Structure formats: structure tokens, C-alpha cells
Amino acid sequence: MTNRLTTRFAELSAYNRAGFVAYMMAGDGDSQALLNALPAAGADVIELGMPFTDPMADGAAIQASALRALDAGMTLKKTLDQAATFRKTDKSTPIVLMGYANPIHHMGWDKFAKAAGKAGVDGLICVDVPPEEDEDLRTALDKHGIALIRLATPTTDDKRLATVVANTAGFVYYVSTTGVTGAGTGAVTEVSEAVARVQKASGLPVAVGFGVREPEQASAIAKHADAVVVGSAIVDAMHEGGVTGATDLVKRLSSAVHTARR
Amino acid sequence: MSETVSADTRPNALSAWPDKKGRFGDYGGRFVAETLMPNILELEAAYEAAKKDPDFKAQMDLFLKDYVGKPSPIYFAERLTEEFGGAQVWFKRDELNHTGSHKINNCLGQVLLAKRMGKTRIIAETGAGQHGVATATVAARFGIPCTVFMGATDVERQAPNVFRMKLLGAEVVPVTSGTGTLKDAMNEALRDWVTNVKDTFYVIGTVAGPHPYPAMVRDFQSIIGREARAQMKERLGRLPDACVACIGGGSNAMGLFHPFIEDEEVRLIGVEAAGHGIETGEHAASLKGGKPGILHGNKTYLLQDDDGQIIDAHSISAGLDYPGIGPEHAFLHDAKRAEYVSATDDEAMEMFQLCTKLEGIIPALEPSHALARVRDLAKELGKDGIILMNMCGRGDKDVPQVARMLGVEL
């Protein structure tokens, strides 16, 4: 599958540069403005959070952000509208939607995939749909050229890894620690070994996330991973400092990631 | 009905589900974060092995008899029968179990399984506190540290159970996220499990969650129906015309229903909590007022809005205050093998007092819901009819709340 994700990771690889993946929550604050500003602040890939009432795999920061977004009237349809608005002016930065199954299932796998494709979405991370349950969703996404991105974790052994990377595309998201989002990363040496293992098994780029907050951490991981994901810290910065606060943090983090291998 | 179950894996009998993927028709499954998948698969394998192990069964049987107090009797509720003026009303007295509800049947099984798997820490979620108390009890007996997640709202309205859990040595964690009820406690328990996957066993209290929980909890609770079925035959020489039970997640109902599923002449009736009334939107009746969706590891009927966001349930009864229902109930509902009705807060309050006055049995608010529909059914079936209701819990825990609602200061 060739889409913006493949192109973007090929570019990064050509420059021997790790990518920076910025996560933000759709509907929390002026999220359209933040979304539009992220590429200029250094985001190579954008993960756009789809708010859900019961985000079981997320920590306090992202859960609170989702509830603020829902209180402000955010919906899945409006999230897709924000992606579409972004895509009118940015043709190259990949957007990956991240969230939970129920709102997507409620819209209908096919209807969602079609609408997401039309909005210029490139990938989907659906946290609570493991490979065992994703056939219908994956079939729908395939039709519209959207990559189903899977998560590998420290509990994923080699046998399990084969199942996880089968039928996946775009990149693999390596969750650096057992725990919820924002919980803190595992030791860098362990992460580096895991990244190599996932790269080998999948033949895909590997992005590392869950708990990266500081430029120093991001830089250390960027020496080994194809990309570094930051979520909770950006969500907090947006809540506390608005679009300026969030983009300032993204600039510092992306700069640390982009220069890590020099 | 199903898009994902292939014809060759479909069990023939309604009672033979789930299939190998943990599906009951189109419901159930394993919708969890990848971090938990290895655990879920490990649990499934361990449970399958335990089921076949005569030592495990012998240990279960011994503790069920000597510790839980099984078998619980069936009881002819003669004065309620007179009051309702129709069919005979019989109770399966699972409120007489140690800890005062059916919950311990399942906790015993899961804690023994945890021990067998070498897990060194137990976590659980609880609504009314009955499952939390039962888990803390069995964990105390086997010397395993136990943490119970409980919605902050429920901590307040179920204070006696919170203190019991603490006495039993459990740590009770009040959950303030969301509305601070059972669903939020379950979210928090799942978060804990994701963080402590290696050493921790999650004792889920109802027939929901990712496979194998719905089937495993049902199997452990089926002792209710197996005993009752044999007892009815022995005492009355026949099966009841209807089995009735209340439903939050649905564990006591599934435990009662399952051994009767192939008895086509026996009606199976689940009573959901209608709260202030289904028409008000403030209720916990997932089948009557919800739509199929995905939450907490399984596909089932859920209370949700037009965007697929989960709507908070409402019920006077903390044990029924859950926006979902076990996937096997969703399956039996669609297959029309079981009937699902509801009872309001007010009806439950009325039955709580009526049963106490007439039978000298203080029922929990949960089975008080079931009793409201037993009243209608007794009239419908007439004098020749026999109704078996699971008295799944005793009401001591609800006394302070009921007193408050009746304006009595204790």
C-alpha cells in the first residue's frame, strides 16, 4: 500500500532522520488551529485522537482531554471534518486517527472507512481491536487505502509478534512500556532491542511511544526508532498554554528527534 | 446474523456457545488492547486445562460445600404467592451463600485459577460491593493481596461493603473518573491490569469482558441453575414454567438460565433496571434501551448516544448500574430464547419492603427488581404455574440506603 505514510517514512529514511509523531485530541480547545500548525512546528506524522467516553488504555491526561472534547460537542464526524479541512491545505503530512472501536462501529466500519478516506486520512490505530477481531474493519479500510496500524508491546513475544504484524501497514507503533498512555517509558536499551525485533518481523518502520515527555527522552529513543510519538505531554501543553503552548513543545521535541542521529 | 462466524464453527445447540473465538453468535469476542492479548490467551489456556483437571474440580467442590455453604436451598415463598394471587413463587436462596450473594461462586473459581497460574496479586471491580466483598473474602482465605476498584459514587452509597472489604485486608480504590460508577471502576481495573500484566489476575465479576470471561464466569455461576434444576425436579417432580433473575451485567441470570437453555418449555426471563423509567433515558436497561457496540472487551448491547459514546446508566441498585450486558444475554435475546423485561427504582423499593414483611427475607435491591416482574408473571401463569426466581443477594448492604430513601435517620 503506497500512501502518504510510506512516502513520509521513505523521505525520513533517505535523510537518516527519525520522524516526530505528534498526538493531539480532536475537539479539545482550538484543535483545528493546532492541527493546521503542527507540520510547521515539526510534526512529520499527526495522530489525531478521536475522543471516547471510556478510553481504557489511556492515562489521566488523554482521558481528561477526551472528556473535555466531548463536553464541547466533539463527535467522530466532526473529527473527520477537521482532518478534511487540514487536507485542503496540506497534501503531504500523514494523518493517523487514534481511538476506540465503539464510535467507529456505531458509524459502521464501511461508512467510517469511506468517510475517513475522503477526508484524507492515511491510517487508523484502533486501540481495542486486536488482530483476532479486526477482519471486518481491515477489509473496509483496505478498500479506501487506509493503513491499519497495530501496536506491539513489551508483552508481545516472537510468536505473538507474527500475528501482530501480519496484514499491517504504514508503520508499527511500539508501546514502550506496559501501562496506559503517559505512564513513562521503558529503559532505552530494552526499547532499542524491541525496535530491532519489530522492524525485522514487520519490514515496516517502528514508531515508539506511550510516556515520552521530554526532548532528552525523545532524542535517546530517536537514535534507535524510526519515529517517536508524544501524546500526553502535547495534550497537557495544549490545555495549559493553548495552540502556542502546544506548538512550542512540538518544536522542541521535533528538533530533538530530528537532530538525534547527528 | 453474524458476519464473522463461519458456518463450520457454529455450535449446534444454543447452550454450546461460545465458539473458538469467544463469540456468542455475533457477540462477545476479545476487544482489548494488545498489551492484554497475551494475558487473555494465557488465561484461556489455563482455564481450559483447569476445567479438565479432576483436582481443580475436587478443590472447587470442597470449598463450595464447606466454605460457601453449597448447595443453597430452594424455598417456597408461600406468603408472596398468596399476595400475588397466582403461580407458586420459589426462590433459589443464593443470598444464603457465604458473603451474602451469588458472587462468591465465581470468585472462588477465579481465585483458585489465579493460584494455579502462579499469580500473586488479585484485582477486581465492584458496583454494589458484593463482588468486591466476595473477591476480598476468597483472596483473604488464600492469602493473596487484593485491590478492589469501586466508583466513588458507589463507595458512598455502599459504605458497609467498603468497610467489609477493608476488614478483609483489601485495598479499596475509589474511582472518580467518569460518573464514578461500575463502568469507570472497570476502566480503572483494566488500566491497572495493563500496567501490571505479569503478576496480576483480574477477577471480573460478571459474564462480560473479553473471552474467556463471559464463558468462564457463566460456568462458575451455572452451579445456581444446576442445583436449582435438580432441586425442583426432586421437590416438585417437574421443572418450573419460568426462571426469573435480575440483570446488571447478568452473572446470576446466566448462572440460573444456562442449565435450562435446552429445556424449551422453561421460559427464561431477565429483568433489567429501568431506573426512573426507560422513557426518561435514566435507566440501566441495555437490551431494552441500547444498541450493539464494543466496550470492555466484548461486543454486546450498550447504552450509547448517536456518536457511539457510552451513556451513564442509572439505577437505584449499584449492582445493576452498568451500561452494558453480558454478550450471551445479547445472543439469547436476539435468538429469542430468553425474554428481557425491566423494573423501575420505585418497583424495586416496593418489592424490597414487601418481601421483607411477608417472607422475613430482606432481599438486595437487585433481586427486588426481579420480584416486581415475578408479581406480574404469577398472575399471568395462574395457580398451576411455578416460578423460580434467583434470590441472588441479601439486602443488609442496602439497609442504610433504603432508610435514607424512606426518610429514616439511622
Side-chain angles (χ1 to χ4, degrees), chain A residues 50-60 63-64 66-67 70 73-79 99-109 112 125-136 139 150-157 159-160 163-164 173 175 177-181 183-184 210, chain B residues 2-4 6 20-23 26 28-42 176-179 183-184 186-198 200 209-211 291-300 302-312 323-324:
Chain A
M50 302 175 283
F52 181 50
T53 39
D54 292 81
M56 290 89 68
D58 282 300
Q63 185 183 19
L67 294 179
L70 292 171
M74 203 57 189
T75 62
L76 179 53
K77 194 183 161 295
K78 288 181 191 167
T79 302
Y100 293 81
N102 200 53
I104 301 174
H105 176 266
H106 192 84
M107 183 181 274
W109 304 131
F112 166 81
I125 300 170
C126 193
V127 179
D128 53 350
V129 179
E132 281 80 355
E133 301 289 352
D134 75 5
E135 195 182 331
D136 297 337
T139 306
R150 297 249 183 77
L151 292 96
T153 79
T155 61
T156 313
D157 60 16
K159 185 165 166 255
R160 179 75 197 156
T163 308
V164 168
Y173 189 140
V175 176
T177 180
T178 59
V180 294
T181 51
F210 271 47
Chain B
S2 163
E3 72 242 46
T4 43
S6 62
K20 286 195 171 125
K21 294 177 76 183
R23 294 283 186 137
D26 198 27
R30 284 179 285 227
F31 292 90
V32 294
E34 182 56 37
T35 313
L36 290 179
M37 272 312 291
N39 259 41
I40 299 285
L41 296 171
E42 179 198 11
T176 50
S177 61
T179 42
K183 87 174 168 79
D184 306 293
M186 200 152 179
N187 288 336
E188 218 51 45
L190 283 165
R191 289 186 182 113
D192 181 291
W193 203 25
V194 166
T195 310
N196 303 294
V197 279
K198 284 205 177 106
T200 298
H211 179 65
K291 290 197 178 84
I294 296 164
L295 182 72
H296 292 154
N298 58 174
K299 184 171 176 186
T300 187
L302 300 172
L303 302 181
Q304 53 186 313
D305 68 13
D306 291 342
D307 188 41
Q309 305 297 339
I310 305 305
I311 296 173
D312 289 313

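Given the structure is predicted, the values throughout are model-derived calculations rather than measurements. So you know, we letter chains A, B, ... as the sequences are listed, proteins then strands, and number each from 1.
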If you count heavy-atom pairs under 4.5 Å between each of [options] and chain B, which one has the most?
options                       : answer
A/P55, A/P154, A/P131, A/A57  : A/P55
A/C126, A/A60, A/P130, A/A152 : A/P130
A/D134, A/T163, A/D58         : A/D58
A/L76, A/T153, A/N102         : A/N102
A/P103, A/A101, A/G59, A/A64  : A/P103
A/L67, A/L70, A/I104          : A/L70

Check each atom of [X] against the heavy atoms of chain A and say whether the ones under 4.5 Å are side chain, backbone, both or neither.
X      : answer
B/L41  : side chain
B/D305 : backbone
B/K291 : side chain

- Task: Under 4.5 Å, counting heavy-atom pairs only, tell me which of B/S177, B/A189, B/G22, B/P210 racks up the most with chain A.
- Result: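 The answer is B/S177.
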
- Query: When only pairs under 4.5 Å are counted, which of B/Q304, B/E188, B/K198, B/R191 shares the most heavy-atom pairs with chain A?
  - Reply: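 Looking at each of B/Q304, B/E188, B/K198, B/R191 in turn, B/R191 comes out on top.
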
- Can you tell me how far CD of A/E132 sits from CD1 of B/I40, rounded to the nearest 0.5 angstrom?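 Atom-to-atom, B/I40:CD1 and A/E132:CD are 10.5 Å apart.
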
- Task: Find out whether A/R160 and B/M37 are in side-chain contact, i.e. whether some heavy atom of one side chain is under 4.5 Å from a heavy atom of the other.
- Result: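 A side-chain contact exists here, since the closest heavy-atom pair is under 4.5 Å.
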
- Check: A/Y100 and B/I310 side chains under 4.5 Å, non-hydrogen atoms: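 With C-beta onward as the side chain, the pair stays apart.
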
I'd like to know if the side chain of [X] and the backbone of [Y] have a donor-acceptor N/O pair within less than 3.5 Å.
X      : Y      : value
A/E133 : B/F31  : no
A/D128 : B/G297 : no
A/T155 : B/T35  : yes
B/N187 : A/M56  : no
A/T53  : B/Q309 : no

- Task: Verify the neighbour count for atom CG of A/D157: are there more than 12 heavy atoms of other residues, nucleotides or ligands below 6.0 Å?
- Result: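 Yes, the 6.0 Å shell around CG holds more than 12 heavy atoms from other groups.
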
- Item | Engaged part of A/P51 at the chain B interface, taking heavy atoms whose separation is under 4.5 Å |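 It is the backbone, since no side chain atom gets that close.
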
